[in-house]
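Beneath this line is the structure, given in structure tokens, with notes to follow.
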Amino acid sequence: MLFSSLLADNRYAFIYSKNIDDVFINFYDKVVVEADAIDDIYALRYPNKMVAYVSVGEIEPWRKTPTPYKKSWIISKNKTWNSLIADLNKKAYRKFIMDRIDRLYKRGYRNFFLDTMDAYHVTRKDKELFKKQQKALIDFIHKLRKKYPKSKIIINRGFEILGQIHNDIDAVVAESLISRYDNNTKSYIPVPPKDQKWLLKSLKKAQEYGLDAISIDYSDGNVTQRVNIAKKIKKLGIIPYVTDGLLQHQGDCDVIRLRRKILILFNQSVFKDKNPVYSDVHLLLAMILEYYGYIPILYDISTKKLPDRVEDKYHSVIIWSSGKTKNDEKLYKWVNKVKSKGIKILFFNNFVFKLTSDRLKSLGLKSIKNQNSILDKSNIKYYKPYKAYEIPASLEYRDELIEPQNAQKVLSEIYSNGQTNTPIAITSWGGYALESSFLLNIGNESYWTIDPFKFIKNALRLKDIPIPDPTTEAGRRILFVHIDGDGFVERVRTDINKLSPQVLIDEIYKKYKIPQTVSIIQGEVDSIGLFPKLSPKMKKIAKELYSIPWIEPASHSFSHPFFWGKAIQPKNSTPKAGKDYHLPIPNYTFSLKKETVGSINFALSFAPKYKNKKKILFWSGDCLPPKKVLSFVEKNNILAINGGDTTIEKSYAWLSHIAPFGLQRDEYWQIYTAQQNENIFTNEWTGPFWGFRYVIDTFKLTENPRRLKAIDIYYHLYSGSRVASLKALKEVYNWAIKQKTSKLYTSQYIKKVKGFYHTALGKIGNNSYEIRNQGYLRTIRFDKKVKVDIKNSKGIAGFNYKGDTTYITLDKRDKHIIKLTNRVLSPYLIDCNGWVENIKYYSNQYIFKLKANIPLEANFYTPLSCKIKSTQNINIIKKQNRISIISDSQKGATIAFECQ
């Protein structure tokens, strides 16, 4: 299969439920959805991809509409789908459908799928009526195209009228070229050869008009079986999509979609405020899964029913649930069903359901009565390659001992009488780690007794997939700086006439010429805020601050909400009630718009116009925005960050002190900081005020032995108010700028982390992979040394090694192909301090377009058969197969190589 065809706009999906997500959307070129079943955010994120379902020939009685349908429009009934066949000849009905499309357009949908096109065929016996229906349908499509000339219009069948409408549409869909679904018998059956021949001929006719021809086929088989059906359809020259009979779950095409999501079942009700942010699964597991490129999906079994067809969305399952839920006993049957599909399951803490002898047997386990007393000694044995990790295991006495059959033991407790208890093992179906055997909680600390990276990877059989990595850009670790606006009003201890940001401007921002994003709190700086007399002075300082070329403006809200979830509640919005949930701004009634859109506009009012393109918000207080707030922010095109507690340092060198990249709340992700701020390292600003220097240890411990985080210099404006804190700040900056990094703005980092959660992966052959996203995340990692065939890949600029790890650099396009090789014959980028905009390959030329936020530095590998073409105003240093490019002032360059 040619890579060029893989990158064409030839992949369609159809899903009419809420079982949709960003990874699935990015895997396809067009995704047809039931818009009323999902959040409109997807249409706003992917205006070119999302296609809204519209029933043209049939009325859907269940659908809520501003105006009801009229009975006079009905000419028949479709009993199979409980819909009403409409009279297309009725002008009012056609307006009814056009109005629906208009509403969808206003909601963000730019493309439309017209279904039930052939419903009017019920009138075939009445030739005159049939012709009127057909003419009305043709007229409707003409008008739709005229009204929305840039929209992609897809129709279901309508073969008889293609001659009249082919210039108005883009694609034709038909169902069941190879496999069909019988809704009456709820069964999947093969399509008879005669029917297949007719449909294939009709689809080929559509292709002759220059239209995409798509077949939706149906199967309840596993992923491999569905992909095989799709490949057969593809061989016939038709675009395939294979899914369940009711189009409720994620289907497949002819390219293998690598499942990146891991389903984590837990009981959310037992945690503080019933908030997943406090859960063990989020705090202890999410970061580890993310390191391997997988996306943790937290699923609350205390409120939701157990999910169907897990294999369609997920790679594997983790179950870590305490307390009681309505699903506990249902879980055993569900687990067996998931196991039968080849999905691996890993239990933490307990098995949730009751362990009868039959259930134990089905899991390959035995329960044996402990013949020892609580006073009898036992020894802990680790089995290679496992050993004690952060702390040696210490097991509590159990009346019943667990022993696996035909499993790989990880840790056992052995008594002198020969009895053995194995609380951690890897089994044929996944694995388990019970009670405190894998994690010891002492005081406020959690310590792993085994290496969780190794154990989780082995138990879930996590594959060595191409790993989207937001810690790295263009072969270098990312460095970004972001500052919360607290303390703008803080006076400098050594000169009370100066405010803290004045010192930071002189001592930090003007001296360290790297990208930095600085926020302000409107309620502190504005004349309507807490300090009206100081406001003129602060506004003048803000203008000076944002005039510095490398400073990016941001907001830290209007009133600095302390508890976002409580502040947005109507009962807490009044000035009197609100003082407990945000700064006591005089006469302020809480407004989400003022806190976000308004406060950002206030910050931007002090910045030059060229800096007004990005809207950035740093969460305040508890940094726990609920879904409602995340939704409002994204729908207003605001990039937001903060939250997460990465505070690992030498004295607390435990994995539990490293947060994941973010937290999911349904369709939205809250993006976390990479490291915590000086408030944590100074014991909430009580001292020592030089404590922020310890963040350097955090930077080091999140780089080795694994690069888990970017470098994030994160602090508050009040850090300029004391000599000790300013000195610590300089120490941190000086260390950071000595590192070999790609220096980015916070706004760029936020997009990269979102890209991690949105990137889709495909396997397209031996050692060849497809990467699809929105072009913001541009690094793919392999946890082994690999080489890339640059010439035969697509959009790949180069690669760099860190030990045995390979970081592959992508350009900004949204579809990439990585082809691995044993020999490198092309020039490639090793690293640079910015990013790759574009790479182009010609017959004997390789052209790299690079950009940076500071004067450009880059290193290339060049084979002896290649030479660099002359580049103006760029210093070039050649050393064997390496060429270094250093600019004194240019923040970008186009570098070309010519090869023999």
### Tyr69 ring center near Phe96 ring center (under 6.0 Å)
no
### Query
So does Lys812 have more than 12 non-hydrogen atoms from other groups sitting under 6.0 Å from NZ?
no
### NZ/Lys611: more than 12 non-hydrogen atoms of other groups inside 6.0 Å
yes
### Message
Can you confirm if the aromatic rings of Phe756 and Phe661 lie within a centre distance of less than 6.0 Å?
### Response
yes
### Message
Centre-to-centre under 6.0 Å for Phe558 and Phe590, is that the case here?
### Response
no
### Query
Any side-chain heavy atom of Trp619 sitting closer than 4.5 Å to one from Leu630?
yes
### Query
With a 6.0 Å cut-off on ring centres, are His315 and Tyr294 close enough?
yes
### Task
Answer yes if the ring centres of Tyr745 and Tyr749 are under 6.0 angstrom apart, and no otherwise.
no
### Task
Please list all pairs passing the side-chain hydrogen bond (donor to acceptor under 3.5 Å, both in side chains) test where one or both residues lie in residues 593-609, with sequence neighbours left out.
Ser555-Ser599, Ser559-Glu595, Tyr588-Glu595
### Task
Find out whether the Lys NZ or Arg CZ of Arg103 is both under 6.0 angstrom from the six-membered ring centre of Phe112 and within 45° of the ring's axis.
no
### Query
Considering only heavy atoms from C-beta outward, does the side chain of Lys751 approach that of Leu639 to under 4.5 Å?
yes
### Query
With a 4.5 Å heavy-atom cut-off, do Ile713 and Leu479 have their side chains touching?
yes
### Query
Any ion pair linking Arg11 and Asp29 (charged N to carboxylate O, less than 4.0 Å)?
no
### Query
Cation-pi between Lys754 and Tyr757: NZ/CZ under 6.0 Å from ring centre and within 45° of the ring axis?
no
### Task
Please say whether the positively charged group of Arg110, taken as NZ for Lys or CZ for Arg, lies over the ring of Tyr105, i.e. under 6.0 angstrom from the six-membered ring centre and within 45 degrees of the axis.
yes
### Task
For the pair Asp526 and Lys539, find out whether any cationic side-chain nitrogen is under 4.0 Å from an anionic carboxylate oxygen.
yes
### Query
Between Lys152 and Asp170, is the closest basic N to carboxylate O distance under 4.0 Å?
no
### Query
Are the ring centres of Phe266 and Tyr299 closer than 6.0 Å?
no
